[in-house]
There are 2 protein chains.
Amino acid sequence: MRILIVEDTPDVAEAASASLGRAGFACDIAATLADARACIDITGYAAIVLDLNLPDGSGRDFLRERRRAGDLIPVLVLTAQFSVEDRVGALDEGADDYLVKPFDLRELEARLRALIRREAGRAENRIALAGLDFDAGAQSLRVNGAAVTATRRELALLNLLIANRGRIMPKDRLFDGLFGFENADVGTNTIELYVARLRKKLAGSGVSIETHRGLGYRLDLDG
Amino acid sequence: MRILIVEDTPDVAEAASASLGRAGFACDIAATLADARACIDITGYAAIVLDLNLPDGSGRDFLRERRRAGDLIPVLVLTAQFSVEDRVGALDEGADDYLVKPFDLRELEARLRALIRREAGRAENRIALAGLDFDAGAQSLRVNGAAVTATRRELALLNLLIANRGRIMPKDRLFDGLFGFENADVGTNTIELYVARLRKKLAGSGVSIETHRGLGYRLDLDG
DNA sequence: GTCAAGCTGTCATCAAGCTGTCATGCCACG
DNA sequence: CGTGGCATGACAGCTTGATGACAGCTTGAC
């Protein structure tokens, strides 16, 4: 799950990025609308966290622009405390949710998760597939009833694969989801490595990660 | 367990804060509705103690506002002795309990605990897990039948972990529950410290605090 | 008011285990 | 049967957590 944070205050952006990172999201930070556009052109995001006051324009314009272009990516807007006008306006222009600054990082995380969930058409954070039971909120994983420990990266990968289960995920998509730009120099072999590690932990669960040579990986039920 | 006290009389607010603090709650004080809103936006609370007469408006309006916004956080209202109208009105508007001023600090503590308990869906203050027997009301802890003394912070941490047992609790979440704003500059290493201290006291009880590197801590039965 | 006891949080140091690289071997597909 | 993509074990670096020691402060007793 890759998130774009459009926010020009470094402290806020980095705090959010760190918090969301810990929650298994890969975050990119854009300090201007121009940066944001560049990021969006380069890669896809599961959601955007958008501050309204930016050095090169209003986030509301950006939002309107994206919606006019037919982009339905979930957008969570950050507004100042007393600008009711901005809040309402942003919602009118297609924002999916807003958060008043200063905000609680956990709430940001929870709301983002809710947005992404809604977007994916799912009702729950918890998913059971055959012998696999994964709860994104508690970051807990069970295989055939037994708790299995997994690391942050493994959970992030599993999250991605589950969210797109049945579909073949290109390796670079997985890579984008696991690492933001700041880790862009990581070798692509890493994905293969984590797939291997995940497979070991999912062994016997009834779901497996299939390799599709030259195309990517797909998580699905066995058989 | 973090509590927000909305009260404009410093003496009362500080007495309550000190008393609840001794009971293991982390308290923040807001003297106005504006402050209260700001606090709520910044962090999450297990409950709110709300005075009705505030310099910038009525606590009842605030309460109505929160409920309209879909906020279900438990609210305990403080009312003057003879304003039956306020009392009933506040309950109608979604208050969960009220206390008539002047009130006994111990009663405040007990009622808050009851509210939080109800919210968590538990019927009892006392929880037994394997060889561990924890009573949040009496702040008493027994391990394999033997009384074990624990400090305020240790009990607060244990309380949080037990309330979320089986789930991985991120360190910053634990931090938020243990410290209010006035202690915001405490090093995060403190959580590790108290986890270590708690572990010593829980040794051999059948429950343990697992470390999940990069994710957080989880309290669960051994095995 | 004084004093002792013990709780608190900081620091420094050490240990653990996650992470990503590399090398090597395997397999599918042409 | 060759080649490129993938699998996987081993490893070193480094982030993260564990823990003992200590100083400051709170608390409660007298």
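Below, read A as the first sequence line, B as the second, and so on, with proteins coming before strands; counting in each chain starts at 1. Quick caveat, the model's predicted, so the values are computed rather than measured.
For the helix from C:dG1-D:dC30 to C:dG30-D:dC1, the angle separating the two terminal helix axes comes to 40°, with each axis derived from five pairs and the value rounded to 10°.
B:Leu174 places its CG atom 16 Å from the C1' atom of D:dT16, with the value rounded to the nearest Å. Between B:Leu155 atom CG and C:dG6 atom P the separation is 17 Å, expressed in whole Å. Note: CD (B:Glu182) to P (C:dT8) measures 14 Å, nearest angstrom. For the pair B:Asp185 CG and C:dT8 C1', the interatomic distance rounds to 13 Å; values are reported in whole Å. To the nearest angstrom, C1' of C:dC18 lies 14 Å from CG of A:Leu178. Rounded to an integer number of Å, the gap from CD of B:Glu154 to C1' of D:dT19 is 14 Å. Atom pair B:Asn183:CG and D:dC25:P shows a separation of 14 Å (rounding to whole Å applied). Here the C1' atom of nucleotide D:dC25 and the CZ atom of B:Arg153 are 13 Å apart, to the nearest Å.
A:Asp133 contributes no side-chain N or O that, together with a main-chain N or O of A:Ala128, makes up a donor-acceptor pair within less than 3.5 Å. In this structure, the side chain of B:Thr32 engages the main chain of B:Asp35 through a donor-acceptor pair within 3.5 Å. Between the side chain of B:Gln139 and the main chain of B:Arg152, no donor-acceptor pair closer than 3.5 Å is present. Remark: side-chain polar atoms of B:Asn164 are paired, donor with acceptor, to backbone N or O of B:Leu160 under 3.5 angstrom.
Mapping A:Arg152 and A:Tyr217 onto DNA chain D via the closest heavy atom, the residue that lands nearer the 5' end is A:Tyr217.
Within the structure, ring pair (Phe, Tyr, Trp, His ring centres under 6.0 Å) contacts touching residues 148-176 of chain A (residues at least two apart or in different chains) are A:Phe175-A:Phe179. Applying the salt bridge (Lys or Arg N to Asp or Glu O under 4.0 Å) definition to pairs two or more places apart or across chains, those involving residues 183-200 of chain B are B:Lys171-B:Glu192. Annotation: salt bridge (Lys or Arg N to Asp or Glu O under 4.0 Å) contacts involving residues 134-151 of chain A, sequence neighbours excluded, are absent.
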Find every protein N or O atom lying less than 3.5 Å from an N or O atom of nucleotides 28-30 of chain D, and list the pairs.
none

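Distances shorter than 4.0 Å separate some side-chain N or O of A:Thr211 from OP1 or OP2 on D:dA7. For the OP1/OP2 pair of D:dC6 and a distance below 4.0 Å, the side-chain nitrogens and oxygens of A:Lys171 include at least one atom meeting the criterion.
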Check: Given the rule in the side chain to side chain contact (heavy atoms under 4.5 Å, CB included) test, do B:Leu78 and B:Tyr98 qualify, once you have shown the distances and angles that lead to the verdict?
Finding: CA-CA 6 Å; B:Leu78 302 178; B:Tyr98 68 84; over 6 Å; no

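The stretch residues 186-205 of chain B touches DNA chain D through B:Asn189, B:Glu192, B:Leu193, B:Ala196, B:Arg199, B:Lys200, each having a heavy atom under 4.0 angstrom from the strand.
For the pair B:Arg2 and B:Phe181, the cation-pi criterion (under 6.0 Å, within 45° of the ring axis) is fulfilled.
Applying the 6.0 Å contact sphere to CZ of A:Arg66 captures more than 12 heavy atoms from other residues, nucleotides or ligands.
Between A:Asp220 and A:Arg165 there is no salt bridge, since no side-chain nitrogen of the basic residue lies less than 4.0 Å from a carboxylate oxygen of the acidic one.
At a threshold of 4.5 Å between non-hydrogen side-chain atoms, the residues A:Ile5 and A:Tyr45 do not count as touching.
Between the side chain of B:Arg213 and the base of D:dT16, a donor-acceptor pair under 3.5 Å is found.
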